[in-house]
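Structure first, commentary second.
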Amino acid sequence: MILSEPKPKLEEALALLHLGLHEESLALIENQLQSDPGHKTNITAVSIFNRLELFDRAAQCADATRRELCEPEDLFQISLAYNFAGRIRDSYEIERSIQPLSNDISLIRLYGLACKAARLGLYREALNHLLSCFRFHNVESLDAHRKIFLDSEISSLWMRIPETPLSLRESMRFCNLPFDEILALNESIHPVRCVDYHDFDIMPKRFRPLLHPLHQTCFEVSPLQQATRPKLYADYLEWQQSLVTPRLEIFRDLAKRIRSSVIEKQLDFAKFQAERGRIACARNHIVCHLQNSPRASLDDIPEIPALASLLQEFRAQHDESPEAFEYLISWKCKEEPEAFLFDILPEMPARNRNSGYAKLALGCTHYRLGNIHSAIDQWAACADLWPLDDAPVMNATMLLSGEERWDEASALIHRLPGQCMESLLWKNACSAIRERRSFSISNKIFTSPGIPTPTFGGLYSGADEEYLAETKNFTPICT
């Protein structure tokens, strides 16, 4: 190592830090700041001072960095320094400026923004950031989905959530978060949540001996201390749970509020979609209303000209057998395809057994069981009953393309009305058929939302905004 060169000296300072030689690392970085106070030296110093809990000193070096040269990791270090030095607004603005390049960075950024916004009293922004954290899964970073229910930086937000309003746009954005999974994930005290310096301010001091550094400013329970001090460890778990449990109840109530506000709009969504020829989407909005709105009934659905024949079919099915109709629209057949095919459907009365929904379900059942030709036949039969509904047509066309039956696929997909050409799926399918290649309807690209909004999982990009603008509900949302 040539110690006269700046880069090796900085690497040596970091190496000494990682080896636990804190005084030596500190002396070396201070010397380098005197001899070569450039950007690289200052950004390295920020990281070292953060690790040594010298946050005021870290903030001074952060002020001397050149932000245009900073990578996202550097900006997080600067934000960290400002945060623990008490410069919350500066920390917030730095994290807002970070351009996320991965889901991990997005999650870390949003988590940090939720913490800082809460401490600044920007509770609506903080709530949007908090909810946005749950849009990211399969990330390698800190388990924010659990820590967020303990973190002391967000404690004031939890108290404000019940009275914090959310616009329809915000509710539409978050209504399909996996709230039930999040709650289930957090019901258990294990794995034990880590804590940070701000948590030390509210944590009883007697728990400190249990903890050792995890990374940066976070601490976790030492396995040795857990084994040798079981009573203290049990008390520590109880302390964590005493904070988490009431916040889970607040989160559960928030989920109900968000979902109900979007469910209330399902009939409006259905009318909006039907007027634009998106019949399959409109059908799903009606079904969502029937299944989720309190005391919902087919009788309370307003007359929508484009859906007149469908609603007439639904009412006839319901009059014949409410149980059979409910079974079909609930898609329980997916859970028991063989029982549906051989036992349940044959026992249904005629109207329900021969309905469009039954044929749609039969197509799905045969597809799940690997009966491709039967699935095509059933979806084609459904398309005959529902000529304006794009779902059975797109399903059958997908399978026809897989069978290289290009002419049949082209003829079927072009039976749909022109409004369906707005669908990204329709455009992609037509291109694939022209080029003689198969295509798939991927759930990863166009997810089937549990509570549908006009975009319908991205199938009609911009439709949410179109609806909000049309109904004068278009309000800004935090990013």
Side-chain angles (χ1 to χ4, degrees), residues 1-2 5-19 22 25-26 28-117 125 129 132-133 135-144 147-148 151 153 194 196-198 213-218 478-479:
M1 180 177 291
I2 304 173
E5 295 181 6
K7 185 175 180 180
K9 287 185 177 180
L10 298 178
E11 291 176 348
E12 182 179 357
L14 290 169
L16 290 168
L17 180 69
H18 296 324
L19 290 171
H22 295 170
S25 176
L26 181 60
L28 185 53
I29 195 62
E30 289 285 16
N31 182 65
Q32 191 65 19
L33 284 167
Q34 292 295 321
S35 61
D36 180 26
H39 168 76
K40 184 65 176 177
T41 303
N42 275 289
I43 199 62
T44 304
V46 171
S47 181
I48 291 173
F49 289 139
N50 279 340
R51 283 281 300 276
L52 298 176
E53 303 177 34
L54 301 172
F55 299 116
D56 289 334
R57 191 77 180 90
Q60 291 173 2
C61 294
D63 291 337
T65 59
R66 294 176 58 187
R67 304 293 161 76
E68 70 275 9
L69 299 179
C70 288
E71 297 293 329
E73 293 80 3
D74 300 334
L75 293 173
F76 280 123
Q77 287 292 328
I78 292 171
S79 176
L80 191 68
Y82 288 155
N83 183 39
F84 287 103
R87 294 168 57 176
I88 311 304
R89 173 62 69 175
D90 291 336
S91 178
Y92 186 57
E93 294 303 327
I94 287 292
E95 290 205 11
R96 281 178 63 90
S97 72
I98 295 174
Q99 297 299 313
L101 303 176
S102 67
N103 283 354
D104 280 277
I105 292 176
S106 294
L107 176 57
I108 294 170
R109 173 180 176 270
L110 288 165
Y111 189 101
L113 289 174
C115 292
K116 278 80 173 180
E125 289 185 31
H129 296 317
S132 294
C133 287
R135 294 164 67 92
F136 295 92
H137 301 274
N138 301 321
V139 291
E140 298 178 0
S141 60
L142 165 73
D143 188 5
K147 175 69 164 70
I148 211 164
D151 203 313
E153 291 188 81
C194 63
D196 58 37
Y197 290 113
H198 285 303
L214 174 60
H215 57 78
Q216 290 294 350
T217 58
C218 291
C478 303
T479 58

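For the pair Arg57 and Phe55, the minimum side-chain heavy-atom distance is 4.5 Å or more. The shortest side-chain heavy-atom distance between Asp196 and Glu153 falls under the 4.5 Å cut-off. Gln32 has its side chain out of reach of Glu12: every pair of non-hydrogen atoms, C-beta onward, lies at least 4.5 Å apart. Side chains of Leu26 and Phe49 form a contact here, defined as non-hydrogen atoms less than 4.5 Å apart. Between Leu69 and Ile43 there is no side-chain heavy-atom pair separated by less than 4.5 Å.
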**Asked** Hey, mind stepping through Arg51 and His18 against side chain to side chain contact (heavy atoms under 4.5 Å, CB included) and telling me if it holds?
**Response** CA-CA 10 Å; Arg51 283 281 300 276; His18 296 324; 3.6 Å; yes
**Prompt:** Does the pair Leu14 and Ile29 meet the rule for a side chain to side chain contact (heavy atoms under 4.5 Å, CB included), with working shown?
**Reply:** CA-CA 9 Å; Leu14 290 169; Ile29 195 62; over 6 Å; no
**Prompt:** What's the verdict on side chain to side chain contact (heavy atoms under 4.5 Å, CB included) for Tyr82 and Lys116, showing C-alpha distance, side-chain angles and the deciding distance?
**Reply:** CA-CA 11 Å; Tyr82 288 155; Lys116 278 80 173 180; over 6 Å; no
**Request:** Please assess His129 against Cys115 for the test side chain to side chain contact (heavy atoms under 4.5 Å, CB included), listing each intermediate value before the final yes or no.
**Result:** CA-CA 9 Å; His129 296 317; Cys115 292; over 6 Å; no
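Closest approach of Cys133 to Leu107, counting heavy atoms only: O-CD1, 3.5 Å. The two atoms that bring Val46 and Ala58 nearest to each other are CG2-O, 3.6 Å, heavy atoms only. Counting all heavy atoms, side chain and backbone alike, Ala59 lies closest to Ala81 at N-CB, 3.9 Å.
Relative ring orientation between Phe84 and His198 is described as parallel, the plane-to-plane angle staying below 30° on a 0-90° scale split at 30° and 60°.
For the pair Ser97 (side chain) and Ile94 (backbone), a donor-acceptor distance under 3.5 Å is present. Under the 3.5 Å distance criterion, the side-chain polar atoms of Ser25 are matched with a main-chain donor or acceptor of Ala13. Under a 3.5 Å cut-off, the side chain of Thr41 and the backbone N or O of Pro37 do not form any donor-acceptor pair.
Residues passing the ring-ring contact (aromatic ring centres under 6.0 Å, His included) test with Phe76, sequence neighbours excluded: none. Applying the side chain to side chain donor-acceptor pair (under 3.5 Å) test to Asp74 and every residue at least two apart in sequence or in another chain returns nothing.
The CD atom of Glu95 sits 7.5 Å away from atom CG of Asn83, with the distance rounded to the nearest 0.5 Å. Interatomic distance, CD1 of Ile98 versus CD1 of Ile105, reported as 8.0 Å (0.5 Å rounding). Separation of atoms CG (Leu75) and CG (Leu80) is listed at 12.5 Å; rounding is to 0.5 Å. Annotation: the span from Glu93 atom CD to Ile78 atom CD1 amounts to 14.0 Å, rounded to 0.5 Å. In this structure, CZ in Arg109 is found 7.0 Å from CD in Gln99, a value given to the nearest 0.5 Å. Between the CD atom in Gln60 and the CG atom in Asn42 there is a gap of 10.5 Å [rounded to 0.5 Å].
Arg67 CZ: more than 12 foreign heavy atoms inside a 6.0 Å radius.
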